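None of the values given here were measured: they were computed from a predicted structure. As a basis for the values below, the full set of heavy atoms in this structure was taken, side chains included, without hydrogen atoms, waters or symmetry mates. Chain identifiers are assigned alphabetically (A, B, ...) following the order of the sequence lines, protein sequences preceding nucleic acid strands; residue numbering begins at 1 within each chain.
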2 protein chains.
Amino acid sequence: MSTIEDEGDDAGPTDHGLTPGRAATINDIARIAGVSKKTVSRVINQSPFVKADTREKVEAVIAELGFSPDPQARGLAFRRSFLIGMIYDNPSPNYVVNMQQGILDAVRGSGLELVVHPCDRTSDDFMANVRGFAVRQKLFGAVLPPSVSEDERVTGMLTEVGCPYVRIASVSLDAPERMVVTNDSRGAAEAARHLVGLGHKRIAMITGPDLFRSTHERGEGFRSGLAEAGITLEDAMVVRGAYTFDSGVAAARELLSRKTRPTAIFAGNDEMAIGVYQAARDAGLDVPFDLSIVGFDDAPMSSRIWPTLTTVKLPIRDMGRMAAEKLLARSRGLDPAKLEQPEVIPTLIARDSSAPPRR
Amino acid sequence: MSTIEDEGDDAGPTDHGLTPGRAATINDIARIAGVSKKTVSRVINQSPFVKADTREKVEAVIAELGFSPDPQARGLAFRRSFLIGMIYDNPSPNYVVNMQQGILDAVRGSGLELVVHPCDRTSDDFMANVRGFAVRQKLFGAVLPPSVSEDERVTGMLTEVGCPYVRIASVSLDAPERMVVTNDSRGAAEAARHLVGLGHKRIAMITGPDLFRSTHERGEGFRSGLAEAGITLEDAMVVRGAYTFDSGVAAARELLSRKTRPTAIFAGNDEMAIGVYQAARDAGLDVPFDLSIVGFDDAPMSSRIWPTLTTVKLPIRDMGRMAAEKLLARSRGLDPAKLEQPEVIPTLIARDSSAPPRR
DNA sequence: CTGAAAGCGCTTACAG
DNA sequence: CTGAAAGCGCTTACAG
């Protein structure tokens with residue numbers, strides 16, 4: 001089966017004198033293929049300056065021995081690792097896991113691995129912590145979901161230490177090759193149109209925390225969606241939440257205690273929307289007939305709860321994949337700006353939590 | 001401020017002639033501290049064979065320069081990386097994220113990082129994939145949650161390639177230093193006692209898939225808990241699910257269509273328990289008065305849904321932390337078997353989905 | 001198109 | 001207790 005001349009002197013035809021326990025190295029490949037290690041290195045790194053049959057010969061030996069270059073040694077010489085860091089403070093398990101999956105979708109087969117780095121932006125050593133991580137690991141690149149992606153201190157520091165990054169955010173904050181933009185504003189406008197279309201007029205909103213850019217985008221989009229139908233979102237109909245279940249409950253209680261209560265509530269994310277269900281129940285209101293609820297995210301729970309939650313879906317896994325692809329494209333010399341549609345459009349998923357208001 | 005003699009000749013007192021952009025290396029520390037790099041290496045690796053004041057001198061320079069040894073170079077020389085791999089096929093985002101958090105709790109400050117490696121045990125290249133990952137990255141260690149932890153092919157292969165691992169499983173499958181055992185059986189027995197205590201007699205169970213060891217442990221524990229009260233779980237009252245929402249719905253439909261339907265259902269996990277809510281609603285049954293439901297896991301959703309779900313809580317984050325600590329203990333020369341309580345005991349959390357049956 | 005030398009930043013023997 | 005030499009498995013200049 002082997003077409004390569006066996007240089008071993010103490011072993012069978014497919015054993016090239018390698019120590020059995022140890023993995024093959026570039027030196028083994030060079031020796032067996034009868035070339036220098038530099039040439040093997042050229043093949044590994046897809047250098048165009050290798051004669052076709054030299055390349056084939058080397059590739060055959062690589063395949064036969066199942067050789068795979070040591071990322072640590074390669075990284076040491078390259079002054080760069082083969083690790084992608086996902087640096088995040090998003091508290092939603094669903095968001096985190098889906099984004100991880102998306103990043104892994106993109107790097108599969110590339111030899112890159114994903115290192116997860118949750119962090120706390122409010123912590124005193126936040127910047128030192130993230131900087132230490134990026135520098136020590138000499139990250140191949142970093143994927144930054146919100147709200148870390150919105151922190152200019154982080155991106156400035158990463159640039160300073162020479163760590164490539166891609167930001168995921170609801171508004172363009174950077175050059176296209178470093179951005180995956182989700183049009184949250186448009187998604188929120190869809191939510192507004194949906195409620196208006198059902199005939200709602202007294203509409204309320206629970207926003208996210210100020211720290212998140214998406215809070216403003218979703219708020220602004222919702223307002224403009226209502227404005228298209230000539231409906232103004234009153235100040236008394238807007239309560240700030242914190243993207244958590246409990247804050248959703250509290251905000252909804254407040255809204256439902258207003259003298260003229262809303263017939264529909266748009267929550268900045270699903271977690272808070274689920275909280276609205278509880279407040280509605282406590283107030284003796286039937287969802288959707290007394291109160292329509294619309295969320296944002298399409299978390300798994302939205303289709304499990306009853307009535308199922310109308311929401312705006314963000315393709316989180318795709319977003320993770322697109323971000324990692326931009327990181328990869330750079331190293332492949334492609335133009336990362338032209339990889340895929342420049343903007344991720346959320347889609348409204350109408351379920352059972354929204355209906356026309358009672359007359 | 002610096003008490004170290006400045007050997008630079010072209011810079012100020014705190015600049016030791018280092019290139020500004022580049023991070024300090026072991027050579028810089030050695031030069032500035034006036035010792036050999038080998039001595040610096042001894043300090044880094046906490047060798048006892050260093051004179052106290054030599055150590056202090058070196059540590060002062062390390063601190064002053066904020067030096068942190070390059071994990072790639074160290075790894076290359078050690079023939080081992082500083083990466084912990086979490087290799088898993090658990091589909092629950094909550095489980096995954098909590099376990100990641102637990103592992104990170106344990107490794108914080110140790111210089112280790114967490115590389116996530118989801119996989120598919122049913123895939124043809126599963127073993128090759130996991131092997132390649134462990135070998136290529138020369139993992140410091142692997143954390144294996146169920147059901148990967150229950151695959152002897154995986155643990156055999158990891159042993160063969162010299163990759164330390166810790167398994168997390170509902171039954172002891174390995175030496176104590178390689179195991180975090182969760183007593184799922186006992187947790188399920190608690191669930192049984194809870195339902196018996198409420199007065200239930202016609203009790204049903206939805207099990208997990210055969211592939212998971214926890215399916216058997218939870219099943220067996222539940223049976224034995226009922227047996228204590230002289231209640232036998234009838235065959236017709238047991239339906240197999242798949243740990244998914246949909247399988248929970250389907251299994252509950254089947255159970256609720258029996259001629260004498262159960263007054264209580266214990267589901268092998270929360271995801272399926274939530275499915276039972278839907279089947280109950282479709283059948284026009286009130287939870288908990290027509291039907292009590294008990295789950296397993298304490299997923300976030302269990303306290304959000306209405307009525308809130310009675311369930312058995314597993315401290316997933318602690319389990320991840322304990323597993324990573326065992327990995328760390330080995331390298332610190334401690335006895336990993338004696339780290340913490342040998343067994344994780346799940347606890348019943350009684351909420352609103354369980355009540356005495358209607359007379 | 002190919003290779004010999006030096007180096008990435010550490011550690012392991014081996015001396016003393 | 002400390003250090004000079006060699007090496008981990010790759011790549012970058014530099015030659016040819």
| said: Output the rounded distance in Å from CD (B:Glu56) to P (D:dC1). | reply: 13 Å
| request: Ignoring backbone atoms, establish whether B:Ser41 has a side-chain N or O less than 4.0 Å from OP1 or OP2 of C:dT11. | output: yes
| field | Side chain of A:Ala73 - closest among C:dC10, D:dG9, C:dT2 | value | D:dG9
| Nearest-angstrom distance from the residue atom NZ of A:Lys57 to P of C:dC1 | 15 Å
| A:Ser41 side chain to A:Lys37 backbone, donor-acceptor under 3.5 Å | no
| query | Is B:Arg178 reaching over with its side chain to a backbone N or O of B:Pro176, donor-acceptor style, under 3.5 angstrom? | reply | no
| message | Counting Watson-Crick and G-U wobble pairs with both distances under 3.5 Å, what is the dot-bracket string for DNA chain C, 5' to 3', using [ ] for crossing pairs and | for pairs to another strand? | response | |||.||||||||.|||
| Between P of C:dC8 and CZ of A:Arg136, the distance in whole Å | 22 Å
| said: What contact category does B:Asn45 fall into here, base, sugar-phosphate, or nothing, at under 4.0 angstrom with non-hydrogen atoms? | reply: sugar-phosphate
| said: A:Arg167 and side-chain contact (heavy atoms from CB on, under 4.5 Å): which single residue from A:Val181, A:Leu144, A:Val154, A:Val148 fits? | reply: A:Leu144
| Please give, in whole Å, the distance from C:dG16 C1' to B:Phe49 CZ? | 15 Å
| Spacing of B:Ile26 atom CD1 relative to C:dG9 atom P, expressed in whole Å | 11 Å
| said: A quick test of your reading: do over 12 heavy atoms of other residues, nucleotides or ligands sit less than 6.0 Å from CG of B:Asp124? | reply: no
| said: Nearest to the side chain of B:Lys51, heavy atoms from C-beta on, is which of D:dG9, C:dG9, D:dT2? | reply: D:dT2
| message | Please report the distance, rounded to the nearest Å, between NZ in A:Lys37 and P in C:dC1. | response | 23 Å
| said: Quick test of your reading of the model: are B:Arg136 and A:Asp70 salt-bridged, counting only N-O distances below 4.0 Å? | reply: no
| query | Nearest nucleotide by nearest heavy atom, which residue falls closer to the 5' end of DNA chain C, B:Leu76 or B:Lys38? | reply | B:Leu76
| task | Could you say whether A:Arg42 or A:Arg74 is positioned toward the 5' end of DNA chain D, judged by the nucleotide with the nearest heavy atom to each? | result | A:Arg74
| message | Is it true that, when you exclude B:Gln46 itself, more than 12 heavy atoms of the residues, nucleotides or ligands shown sit nearer than 6.0 Å to its CD? | response | no
| Shortest side-chain distance from B:Ser36, nucleotide among D:dT2, D:dG3, D:dT11 | D:dG3
| message | Could you go through B:Ser147 and B:Asp89, starting from their C-alpha distance and side-chain angles, then the distance that decides it, and tell me whether this counts as side-chain hydrogen bond (donor to acceptor under 3.5 Å, both in side chains)? | response | CA-CA 7 Å; B:Ser147 72; B:Asp89 65 342; 2.7 Å; yes
| request: Mind calculating the distance between CD (B:Gln46) and C1' (C:dT11) to the nearest angstrom? | output: 16 Å
| query | Is the phosphate of D:dC1, meaning OP1 or OP2, less than 4.0 Å from a side-chain N or O of B:Thr54? | reply | no
| said: What is the separation between atom CD on B:Gln72 and atom C1' on C:dG9, rounded to the nearest whole Å? | reply: 10 Å
| message | Between B:Phe78 and A:Phe78, which residue's closest nucleotide on DNA chain D lies nearer the 5′ terminus? | response | B:Phe78
| message | What I want to check is whether an N or O donor and acceptor connect the side chain of B:Arg79 with the base of D:dG7 at under 3.5 Å. | response | no
| field | Pair B:Ser123-B:Asp125, side-chain hydrogen bond (donor to acceptor under 3.5 Å, both in side chains): steps then yes or no | value | CA-CA 6 Å; B:Ser123 156; B:Asp125 72 339; 2.6 Å; yes
